Every structure is written in structure tokens, then in C-alpha cells.
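These notes are about the structure you will find just below.
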Amino acid sequence: MTAPDWTQLPDLANRAQGGAVVAANDEFFAARENLVLPWPAVARPDFGHKGKEYDGWETRRRREPGEDWAVVRLGMPGVVAGVVVDTAFFLGNYPPQASVQAAAVDGHPSVAELAAADWQPLLDRVDLAGGTANAFAVEPGRRVTHVRLTIHPDGGVARFRVHGTAVPDPRFLDAGPFDLAALENGGRVTAVSNAFYGSPHQLLGRGDAANMGGGWENARRRDGGNDWVDVQLACEGVVAVAELDTSWFLGNAPGSAALTGRTADGTEVELLPRTPLQPDTRHRFLVPDAPGWSPSGWTSSPTAAWPGCGCGAARPTPVGRRCSARSTILADGLRHAIVQ
């Protein structure tokens with residue numbers, strides 16, 4: 001079965017992007033924190049003092065009416081497009097139904113403050129299947145900061161994904177220079193030539209990768225072309241610094257890369273000419289006299305790499321707001337990309 005298009009959007013609840021399960025009414029058999037781990041659930045063959053161990057969140061069997069719930073703080077507040085309630089390896093103990101609520105709470109609320117928040121329905125009660133990544137689209141609505149997964153009446157869920165578009169607090173963007181391409185600031189990948197080994201969204205993620213799996217890597221090229229990724233920047237801005245990080249990519253780092261911007265009228269502007277890259281290195285480049293960007297102008301910051309490769313990050317850091325850039329990789333992998 002083909003995955004819905006909205007599953008290609010970033011997971012706003014992902015632990016690697018700052019998401020966390022801040023509360024749950026029960027986690028007797030398996031810890032709530034497992035819900036937002038970035039990697040897929042795995043089978044656990046062992047038994048512990050409380051019974052069979054599962055890679056997920058599992059509550060005890062109910063002997064009275066009710067339901068169980070877990071509250072997730074989104075690492076990237078935004079507009080939700082769909083959720084995935086993954087019951088992988090939960091077969092005789094998955095919840096038959098689930099629902100999701102959402103809230104928008106400013107600042108850093110306590111659990112008690114969240115309990116008193118204005119929770120609104122995001123997904124009405126739906127049926128679930130066991131051992132399945134149950135995917136449900138939701139109607140786009142307001143920006144939210146927290147979601148609550150409610151299972152009816154009890155059971156286990158391996159992973160909970162909340163896909164959508166990050167919408168940053170504009171007050172922080174107005175405070176000074178920031179990373180135009182970062183997911184948490186509103187940047188997003190709009191197109192990519194190849195993503196065989198790693199999600200291009202990881203290029204724009206928070207912090208440093210723990211290993212090669214935290215970057216973008218494409219399949220090896222057997223022709224004379226190159227690979228690329230288009231990044232929609234958060235808003236209009238002037239690029240001052242670009243960063244291409246090949247950390248952890250040793251035998252499969254890009255040989256070179258280029259960075260192109262797109263202005264409001266659709267004109268492409270060279271930000272970084274084709275430049276050699278080194279393996280396992282954080283590359284930072286000044287971008288002098290860069291023209292201004294706009295949300296529809298530098299809508300993509302394409303990064304191109306030759307011939308194909310892995311990259312950990314790509315970040316344009318602007319003075320002002322974000323738009324988009326293109327990065328062309330002339331090798332195989334990148335760990336990070338920053339546009340400032």
C-alpha cells in the first residue's frame with residue numbers, strides 16, 4: 001500500500017526534534033517515552049517482572065469503564081496534516097480504537113496547566129488494527145503545541161507520529177538572525193532527487209547527528225548526473241552563512257556541492273558555486289552580497305551534490321526571514337545543511 005502524501009511531511013512529535021511525552025495516566029507495561037522515538041519499533045523477545053516487554057507504550061488491562069491517554073509536547077509546533085498510530089508487534093493487546101485531541105498553549109506549561117488547557121478534537125474516535133501503522137489524515141486547522149493520544153479502552157501503541165508543517169513563533173524570528181532552512185523555523189523539503197538511505201528532512205533537523213543515519217543519503221549513481229534537494233525557506237531573508245555538514249559520512253561523502261537561491265520573481269541566484277567538500281567535516285561558507293529572499297522567491301534553496309552522496313545538514317542562515325534554497329550534492333551524503 002502506498003503511504004499518503006502527508007506522511008512525507010516532518011514528524012512534529014519526533015524526539016530527535018524535541019518532541020516529548022510529558023504525561024500519561026498509565027504506563028504499567030511499557031514506558032510512554034517510546035511513543036516518539038525516531039526509529040521504528042522492534043520486536044523484544046524478553047519477559048520482565050511485569051510480563052512481556054514491548055517497544056512502545058502499554059497500559060494495564062482495565063476492569064472499569066474509561067480510556068487511557070498520553071500527552072505529547074510537539075518538538076515543532078505547527079499545523080497537523082495527519083497522524084499515525086503504529087501498533088507494530090502489538091497483536092493481542094492493541095487498543096481497538098483511538099482518538100486524538102490538540103491544544104495550543106503558550107510558553108512552557110506544567111502538566112497541571114496542560115490538564116486545564118482547551119483541548120479540541122483533532123481526530124474523532126477511529127478503529128485500529130493490530131501490528132499496523134494506522135494512518136489518518138486530519139483537516140488542517142490552527143497551529144498547535146501539544147497533542148493527546150487517547151486509546152479506548154487500553155492496550156499498547158508502538159509509535160505515534162504527528163505529520164505536518166512547522167509554524168514557528170514569529171516573535172523569536174523577529175528577535176534576530178536565524179536559520180532560514182531549519183524545520184523548527186518553518187523550513188521544509190519540497191523536492192528531492194533521491195532519498196534511498198535517509199530522509200532529506202534530517203538535513204534541516206535540530207542539533208548534531210548521532211551517526212550516519214541522522215542525515216540524507218542517496219543511492220549510488222552509475223551515470224554522470226548529480227543529486228539535489230529543494231528547501232522551502234521560512235520566509236524572506238538575506239543569506240549570510242551557509243553550512244554543509246558531512247559529519248559521519250566517510251566513504252560516501254559528497255565530492256562537491258553548490259547552493260542556489262531563488263528570488264521573488266523566480267530568478268535563480270548562485271549562493272555557493274560548485275565547491276569541493278571533505279568527508280566527516282562541518283563546512284561553513286560566508287555568502288557575501290547575497291540578494292534578498294522572499295517566501296515565493298527564494299522558495300527553494302536547492303543543494304546539489306556530485307555525483308551523489310550523504311549529507312548530515314544543510315543550513316542557510318539569513319539576516320531576516322526564510323525563503324528557499326537549493327543544494328546540489330556532488331557525492332552521496334550530507335548530515336546537515338544550514339542557511340543563515
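Everything numeric here is computed off the predicted structure, so don't read it as measured data.
Side chains of D227 and S193: a donor on one and an acceptor on the other come within 3.5 Å. Side-chain contact of N25 with D68: a donor-acceptor pair under 3.5 Å is present, judged by distance alone. In summary, the side chains of Q101 and R148 do present a donor paired with an acceptor at a separation below 3.5 Å, with no hydrogens or angles considered. Between the side chains of Q120 and D118, at least one donor N or O sits under 3.5 Å from an acceptor N or O. Residues R125 and Q97 have side chains that bring a donor and an acceptor to within less than 3.5 angstrom of each other.
A cation-pi arrangement is absent between K52 and F29 under the rule of less than 6.0 angstrom and at most 45 degrees off the ring axis.
A distance-only check finds a donor-acceptor pair linking the side chain of N134 to the backbone of V85 [under 3.5 Å].
Using a cutoff of 4.0 Å between basic side-chain nitrogens and carboxylate oxygens, D245 and R284 are not scored as salt-bridged. D169 and R171 are joined by a salt bridge, as a carboxylate oxygen and a charged side-chain nitrogen come within less than 4.0 angstrom of each other. A salt bridge is absent between R161 and D86: the closest approach of a Lys/Arg side-chain nitrogen to an acidic carboxylate oxygen does not fall below 4.0 angstrom.
Using a 30° and 60° split on the angle between ring planes, H146 and W119 fall in the perpendicular class, above 60°.
R159 pairs with exactly one of N14, D11, D55, T87 by the side-chain hydrogen bond (donor to acceptor under 3.5 Å, both in side chains) rule, that one being D55.
Residue T246 holds its OG1 atom at 4.5 Å from NE2 of H283, rounded to the nearest 0.5 Å. To the nearest 0.5 Å, the span separating CG on N226 from CG on N194 amounts to 11.5 Å. The line from OH of Y197 to CZ of R220 is 7.0 Å long, rounded to the nearest 0.5 Å.
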